[in-house]
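All residue numbers in this chain count up from 1 along the given sequence. Since this is a predicted model, take the numbers as computed values, not measurements. Note: hydrogens, waters and symmetry copies are ignored here, and every other heavy atom, side chains too, is used.
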Amino acid sequence: MPKKLILASASPRRSEILNVAGYSYEIIPSDADEIMEGECAYSIAELNSLAKAREVFDRFNNEDLVVLGADTVVSVNGRVLGKPTDENDAFLMLKSLSGSTHEVISGFAVVGADGFDSGFCVTKVKFRVLSDEEIRDYIATGE
């Protein structure tokens, strides 16, 4: 009997990836606490994805489930950027990314009754120089 796949995330982008790949799955967002400090960016992404997948798997504790967790971390010169706290924080973050290259680390974990597997991949992203007006206009979109 095939296992039921659970996506431990409400991310529209992660759902889109699974849809394009042809998977059928159920979305059950995780309530796991995320870490943002104390580890390198790669470990943070992987550990958060594993915590999310484990939390959802443990909530149901059903051997017919396989849970996919994921987490994305942005790192600039070894410094992890969290989610901005307000528009001013968002402005300062985007200003720090302007004209530079940063890393987007995507952690992933699959948890099932037989154990787990996890890892991460890294994408280098180069921003062109952004004007203050462009940054403010982007922030105004709410994205």
Worksheet entry | Residue pairs, two or more places apart or on separate chains, that pass side-chain hydrogen bond (donor to acceptor under 3.5 Å, both in side chains) and touch residues 120-129 | Glu103-Lys124, Arg128-Glu134
Response to the item:
For Gly69 and Ala53 the tightest heavy-atom approach is N-CB, 3.7 Å
Name each donor-acceptor pair under 3.5 Å that joins a side chain in residues 80-88 to protein atoms two or more places apart or in another chain, with its distance.
residue	atom	partner	partner atom	Å
Thr85	OG1	Asp89	OD2	3.3
Asp86	OD1	Asn88	N	3.1
Asp86	OD1	Asp89	N	2.7

Worksheet entry | Inter- and intrachain pairs under ring pair (Phe, Tyr, Trp, His ring centres under 6.0 Å), touching residues 124-143, at least two apart | His102-Phe127
Practice prompt. Report whether Leu68 and Val66 are members of the same hydrophobic cluster (ILVMFWY, side-chain heavy atoms less than 4.5 Å apart, transitive linking).
Written response: yes
Worksheet item: Quick one: side-chain hydrogen bond (donor to acceptor under 3.5 Å, both in side chains) partners of Ser75, sequence neighbours excluded?
Response: none
Practice prompt. Verify the cluster assignment for Ile27 and Ile6: are they in a single hydrophobic cluster under the rule of side-chain heavy atoms below 4.5 Å apart?
Written response: no
Practice prompt. Mind checking side-chain contact (heavy atoms from CB on, under 4.5 Å) for Arg136 and listing every partner two or more places apart, or none if nothing turns up?
Written response: Phe91, Asp132
Item to complete: Mind checking side-chain contact (heavy atoms from CB on, under 4.5 Å) for Ile35 and listing every partner two or more places apart, or none if nothing turns up?
Response: Glu39, Ile44, Leu47, Asn48
Worksheet entry | Remaining members of hydrophobic cluster (4.5 Å side-chain criterion), Phe108 | none
Item to complete: For Tyr25 and Ser15, indicate whether the former's side chain and the latter's backbone hold a donor-acceptor pair under 3.5 Å.
Response: yes
Discussion item. Once salt bridge (charged side-chain N to carboxylate O under 4.0 Å, His left out) is applied, do any residues pair with Asp33, and if so which ones, sequence neighbours excluded?
Written reply: none
Worksheet item: Below 4.5 Å, heavy atoms only, C-beta onward: do Arg14 and Thr72 meet side chain to side chain?
Response: yes
Practice prompt. Kindly state each residue pair satisfying side-chain hydrogen bond (donor to acceptor under 3.5 Å, both in side chains) with at least one member in residues 106-118, sequence neighbours excluded.
Written response: Glu46-Ser118
Discussion item. If I compare all heavy atoms of Ala45 with all of Ile105, which pair ends up nearest, and what's the gap?
Written reply: CB-CG2, 3.6 Å
Discussion item. Do Ile28 and Val67 sit in one hydrophobic cluster, given that two such residues count as connected whenever their side-chain heavy atoms are within less than 4.5 Å of each other, even indirectly?
Written reply: yes
Discussion item. Quick one, Arg59 and Asp31 - any side-chain contact, counting heavy atoms below 4.5 Å?
Written reply: yes
Practice prompt. Using the ring pair (Phe, Tyr, Trp, His ring centres under 6.0 Å) rule, collect all pairs that involve residues 49-82, keeping only residues at least two apart or in two chains.
Written response: none
Item to complete: Could you tell me which residues satisfy side-chain contact (heavy atoms from CB on, under 4.5 Å) with Cys40, sequence neighbours excluded, listed by chain and number?
Response: Tyr42, Ser43
Discussion item. Applying side-chain contact (heavy atoms from CB on, under 4.5 Å), can you list everything that pairs with Ala32, at least two apart in sequence or on another chain?
Written reply: Ser30, Ala51, Lys52, Glu55
Discussion item. Hydrophobic cluster membership, with links at side-chain heavy-atom distances under 4.5 Å among I/L/V/M/F/W/Y: are Val56 and Leu5 in one?
Written reply: no
Item to complete: State yes or no: do Val104 and Val73 share one hydrophobic cluster built from I, L, V, M, F, W and Y residues joined by side-chain heavy-atom distances below 4.5 Å, directly or via other members?
Response: no
Worksheet item: Going from CE on Met93 to OG on Ser98, what distance comes out if it is rounded to the nearest 0.5 angstrom?
Response: 15.0 Å
